[in-house]
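I have placed the structure first, in the form of structure tokens, so that the comments after it can refer back to it.
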Amino acid sequence: MIYEICTDRLLLRQWQDSDYAPFAKISSNAEVMQYFPKILNRQESDELADKIRTLIAENGWGLWAVELLETQEFIGCIGMHAQPTKFDFSPCIEIGWRLDPQFWNHGYATEGAEACLRFAFEELYFQEIVAFTSKNNIASQKVMEKLGMTFSHDFLHPDLDDTHPLREEKLYRIQKQDFKF
């Protein structure tokens, strides 16, 4: 079963072929990708979307495509991803988002992520969700704090070398008992 989540303004759903082109546009935008390791070309973006789509098909949940209910327009992705071994705080379930900049500052990331947390705790019975970002990504850190997540610690991203400007990351956590249902 593939789950969908509906909020007042958003539908978090399985990916469709029509989502690939706008996702590639988002993933090639320097402003969007400034806190990701690199800008993605169309092939890399499509491969990532394929991987996300497959994980949702296998698990029923993941980094869902986000559709604006009012217009049925794809605006990015919000959801969760298992990180079984990569980090010193693994295994963990990570929550994240990537939205088209024209939809920033409307509360969509917070709204969608809050719905994901509710789903994770109520339906999947997860006990903790983490989020992390570059130490310089203040906007995402503010979303994490709005979600009720608390700063845990700084860490060095294991996929990035010592000279990479995004290597220093901040980890946030939320426990099921601390989530405001």
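What you see is a predicted model; the values in this text were computed from it and never measured.
Between the side chain of Ser45 and the backbone N or O of Leu40 there is no donor-acceptor pair closer than 3.5 Å. For Asp46 (side chain) and Gln43 (main-chain N/O), no donor-acceptor pair under 3.5 Å exists by modelled atom type. Although no hydrogens or angles enter the test, the distance criterion places no donor-acceptor pair under 3.5 Å between the side chain of Glu168 and the main chain of Asp154. A donor-acceptor contact shorter than 3.5 Å links the side chain of Asp161 to the backbone of His164. Gln34 places a side-chain N or O within donor-acceptor distance of the main-chain N or O of Glu31, the cut-off being under 3.5 Å. The closest donor-acceptor contact from the side chain of Asp178 to the backbone of Ile174 lies at 3.5 Å or more, if one exists at all. Proximity of a side-chain donor or acceptor of Thr110 to a complementary backbone N or O of Gly107 within less than 3.5 Å is not detected.
Side chain to side chain, Glu67 and Gln72 fail the donor-acceptor criterion of an N or O pair below 3.5 Å.
For the pair Ile2 and Ala57, the tightest heavy-atom approach, listed with the atom from each and the gap, is CD1-CA, 4.0 Å.
The local environment of NZ in Lys176 is crowded, with over 12 non-hydrogen atoms from other residues, nucleotides or ligands closer than 6.0 Å.
Under the 4.5 Å side-chain criterion, counting only non-hydrogen atoms from C-beta, Leu10 is not in contact with Leu69. Annotation: side chain of Leu48 is in contact with side chain of Phe23 (closest heavy-atom distance under 4.5 Å). Under the 4.5 Å side-chain criterion, counting only non-hydrogen atoms from C-beta, Lys170 is not in contact with Phe155. When side chains are defined from C-beta on, Trp15 counts as touching Cys77, because their heavy atoms get closer than 4.5 Å.
Legend: salt bridge (Lys or Arg N to Asp or Glu O under 4.0 Å) pairs involving residues 136-153, not counting sequence neighbours: none detected.
Not less than 6.0 angstrom separates the ring centroid of Trp97 from the ring centroid of Tyr108.
Results of the ring pair (Phe, Tyr, Trp, His ring centres under 6.0 Å) test with Phe119 over Phe179, Trp61, Tyr3 single out Tyr3 as the only residue that passes.
Cation-pi geometry between Arg42 and Tyr20 is not met at under 6.0 angstrom from the ring centre and within 45 degrees of the axis.
Taking Ile, Leu, Val, Met, Phe, Trp and Tyr as hydrophobic and joining them when side-chain heavy atoms fall under 4.5 Å apart, one finds Leu156 isolated, its cluster having no other members.
A salt bridge does not link Arg13 to Glu4: none of the charged nitrogens lies less than 4.0 Å from a carboxylate oxygen. Between Arg167 and Asp159 there is no salt bridge, since no side-chain nitrogen of the basic residue lies less than 4.0 Å from a carboxylate oxygen of the acidic one.
Following chains of ILVMFWY side-chain contacts shorter than 4.5 Å, one can reach Val32 starting from Ile78, so the two form part of one hydrophobic cluster. Cluster membership check: Leu55 does not share its hydrophobic cluster with Ile5, using side-chain heavy-atom separations under 4.5 Å among Ile, Leu, Val, Met, Phe, Trp and Tyr. Side-chain heavy atoms closer than 4.5 Å link hydrophobic residues (I, L, V, M, F, W, Y) into clusters, and following such links, possibly through other members, connects Leu99 to Phe36.
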Run the side chain to side chain contact (heavy atoms under 4.5 Å, CB included) test on Gln16 and Asp19 for me, step by step, so that the C-alpha distance in whole Å, both residues' side-chain angles and the decisive distance to 0.1 Å come before the verdict. CA-CA 5 Å; Gln16 301 169 357; Asp19 300 329; 3.7 Å; yes
Start with the C-alpha gap between Leu11 and Val66, add the side-chain angles, then the distance that decides, and say whether side chain to side chain contact (heavy atoms under 4.5 Å, CB included) holds. CA-CA 6 Å; Leu11 174 64; Val66 179; over 6 Å; no
Give the C-alpha distance, both sets of side-chain angles, the deciding distance and a yes or no for side chain to side chain contact (heavy atoms under 4.5 Å, CB included) between Cys116 and Leu12. CA-CA 9 Å; Cys116 286; Leu12 283 63; 3.5 Å; yes
With side chain to side chain contact (heavy atoms under 4.5 Å, CB included) as the criterion, how do Gln14 and Arg53 come out once you've worked through the C-alpha distance, each side chain's angles and the decisive distance to 0.1 Å? CA-CA 7 Å; Gln14 175 60 295; Arg53 195 175 190 175; 3.5 Å; yes
Which is it for Thr7 and Glu111 under the side chain to side chain donor-acceptor pair (under 3.5 Å) test, yes or no, and what are the steps along the way? CA-CA 7 Å; Thr7 70; Glu111 181 177 328; 2.5 Å; yes
Side-chain donor-acceptor pairs under 3.5 Å in residues 124-134, sequence neighbours left out?
unit_1: Gln127; atom_1: NE2; unit_2: Tyr125; atom_2: O; d: 3.2
unit_1: Glu128; atom_1: OE1; unit_2: Arg173; atom_2: NH1; d: 3.0
unit_1: Glu128; atom_1: OE2; unit_2: Arg173; atom_2: NH1; d: 3.3
unit_1: Glu128; atom_1: OE2; unit_2: Gln175; atom_2: NE2; d: 2.5
unit_1: Thr133; atom_1: OG1; unit_2: Asn137; atom_2: ND2; d: 3.0
unit_1: Ser134; atom_1: OG; unit_2: Asn136; atom_2: N; d: 3.2

